[in-house]
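Indexing begins at 1, ligand by ligand and atom by atom, following the structure's order. Please read all numbers here as calculations on a predicted model, not as lab measurements.
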Amino acid sequence: MPQKRYLFTPGPTPVPPQVLAVMGEPVVHHRGPDFKLEYEQCLARLKEVCRTEHDVLLLTASGTGAFESAVANLTVPGEKALVVSSGNFGERWAALVAAYGADLVHVRLPWGDAPEPDDLRPHLDGAKVVYLVHSETSTGVVADLEPLAAAAKEAGAIVVVDAVSSLGAVQLETDAWGIDVVVSGSQKALMAPPGLGIVTVSPAALAATGSSPRFYFDWRRTLEGQAKLDAPFTPAVSIVRALNVALGMILDEGLEAAFARHVRLGRACRQGIKAMGLELASPDDDRAAVVTTVRAPEGLDVKAFLLDLRDRLGVQLIGGQGEWSGAVFRIGHIGYFDLFDITTALAAVEDGLVAAGVEIERGAAVTAALRAFELPTPA
Ligand code: PLP
């Protein structure tokens with residue numbers, strides 16, 4: 001039998017069979033009536049998942065492309081923009097904002113910190129745009145976004161949030177929290193293949209668009225196309241159809257139920273890791289429901305360990321990024337995940353560490369995860 005493959009990374013994530021099935025259907029034309037129906041439904045479902053009344057733009061691009069659209073539309077060279085970072089993705093946004101010629105103020109917190117409103121406040125004066133990261137996938141920290149957005153809003157800034165790995169997994173109230181722009185991607189908690197970028201755009205954000213050169217990523221061009229269900233450029237039609245099915249599944253489960261499931265998955269993963277005697281690098285709290293980041297035991301060659309899991313057991317986890325490279329490994333649990341994905345990941349970690357000669361507590365992780373998940377007991 002060919003080796004079974006398990007994808008336990010924080011993106012791309014496993015795609016449900018119902019979603020994959022649509023990808024196998026013949027390609028449809030994007031200006032035909034069949035596609036328009038699904039396009040319309042997908043855009044409406046995105047609004048529900050993003051919890052916004054405003055427009056949600058669907059771009060054929062990765063999450064970074066969607067984020068670049070925000071920077072391209074909002075930047076006026078020389079105007080002040082604030083980026084708060086405490087990991088790889090925040091740092092990426094600082095580089096991107098600088099590349100567009102903004103007067104960048106980069107509040108660079110230590111990796112793994114959770115940003116607080118007081119980290120922003122001294123730097124807000126005169127900032128036209130504030131860029132925040134909701135779930136910093138490189139560290140596992142999920143920020144308490146509402147007060148951060150409120151502080152930026154109070155100062156009159158346009159608030160842009162990277163929710164690439166949090167949308168659909170962790171509570172995010174775009175309109176109620178006063179967030180102007182939320183950026184996400186199809187390949188994480190939204191359970192679809194990579195290829196689509198998602199951008200919510202408030203009227204204030206639209207009114208604040210600047211003079212930076214742009215064409216493909218010009219928000220108005222896509223807005224006008226979407227209003228007529230006539231995308232300005234050929235969308236990745238099969239992925240749009242797949243995303244539509246995945247969004248339907250998320251809304252059938254219910255967003256609140258999905259958030260609660262992610263909390264329990266995070267608990268199960270953390271308890272399993274600790275039961276093995278390993279140390280967490282991500283916070284040990286319910287908010288950290290996206291990815292569990294584990295400190296590599298001393299002497300472990302993380303790259304070789306992860307390759308062994310992949311080649312010998314078929315289990316794909318992922319290492320650290322940037323300054324945490326070689327020091328951690330990460331287990332993702334967003335989207336199409338259940339308890340037994342977590343126990344499989346934990347069992348693989350245990351086996352791989354033993355194979356690498358690391359002394360750990362054997363046999364405890366799966367039991368701890370089962371307990372922490374709190375399976376409903378039969379009546
Ligand atoms: N922001 C966060 C928090 C992410 O996790 C990722 C992807 O890993 C990105 C941005 C970049 O998204 P993409 O790889 O789709 O460009």
Exercise. Looking at S135, which atoms of ligand 1 are within less than 4.0 Å of one of its heavy atoms?
Worked result: 3 (C)
Problem set entry | Enumerated ligand 1 atoms positioned under 4.0 Å from heavy atoms of Q187 | 13 (P), 15 (O)
Exercise. Regarding S282 and R330, is there a side-chain donor-to-acceptor distance under 3.5 Å anywhere?
Worked result: no
Problem set entry | Pi-cation contact, F215 with R221 (under 6.0 Å, within 45°) | yes
Problem set entry | Ion pair D338/R261, N-O distance below 4.0 Å | no
Exercise. With backbone taken as N, CA, C and O and side chain as the heavy atoms from C-beta onward, which portion of D162 lies under 4.0 Å from ligand 1: side chain, backbone, both, or neither?
Worked result: side chain
For this session: Classify the side-chain pair H54/T200 by whether it contains a donor and acceptor separated by less than 3.5 Å.
Result: no
Seminar exercise, completed: Under 4.0 Å from one or more heavy atoms of T137, ligand 1 contributes atoms 2 (C), 3 (C), 4 (C), 5 (O)
Problem set entry | N or O pair under 3.5 Å between V133 and ligand 1 | no
Exercise. Do the side-chain N and O atoms of T137 and S165 include a donor-acceptor pair separated by under 3.5 angstrom?
Worked result: yes
For this session: Check whether any heavy atom of R92 sits under 4.0 Å from an atom of ligand 1.
Result: yes
For this session: Can you sort out which atoms of ligand 1 are near T64, meaning under 4.0 Å from one of its heavy atoms?
Result: 11 (C), 12 (O), 13 (P), 16 (O)
Seminar exercise, completed: Within 4.0 Å of some non-hydrogen atom of V164, the atoms of ligand 1 are 1 (N), 2 (C), 4 (C), 6 (C), 9 (C), 10 (C), 12 (O)
For this session: Say whether S202 and D180, considering side chains only, have a donor N or O and an acceptor N or O under 3.5 Å apart.
Result: yes
Problem set entry | Nearest-contact summary for atom 9 (C) of ligand 1 - protein heavy atom, Å | F89 CE2, 3.3 Å
For this session: Give the numbers and elements of all ligand 1 atoms closer than 4.0 Å to a heavy atom of S62.
Result: 13 (P), 15 (O), 16 (O)
Problem set entry | Side chains of Q171 and W177, donor plus acceptor under 3.5 Å | no
Exercise. What are the atoms of ligand 1, with element, lying closer than 4.0 Å to any heavy atom of K188?
Worked result: 4 (C), 5 (O), 6 (C), 7 (C), 8 (O)
Exercise. Salt-bridged, D286 to R270, with N to O below 4.0 Å?
Worked result: yes
Exercise. So which bit of P194 gets within less than 4.0 Å of ligand 1, heavy atoms only: side chain, backbone, both or neither?
Worked result: neither
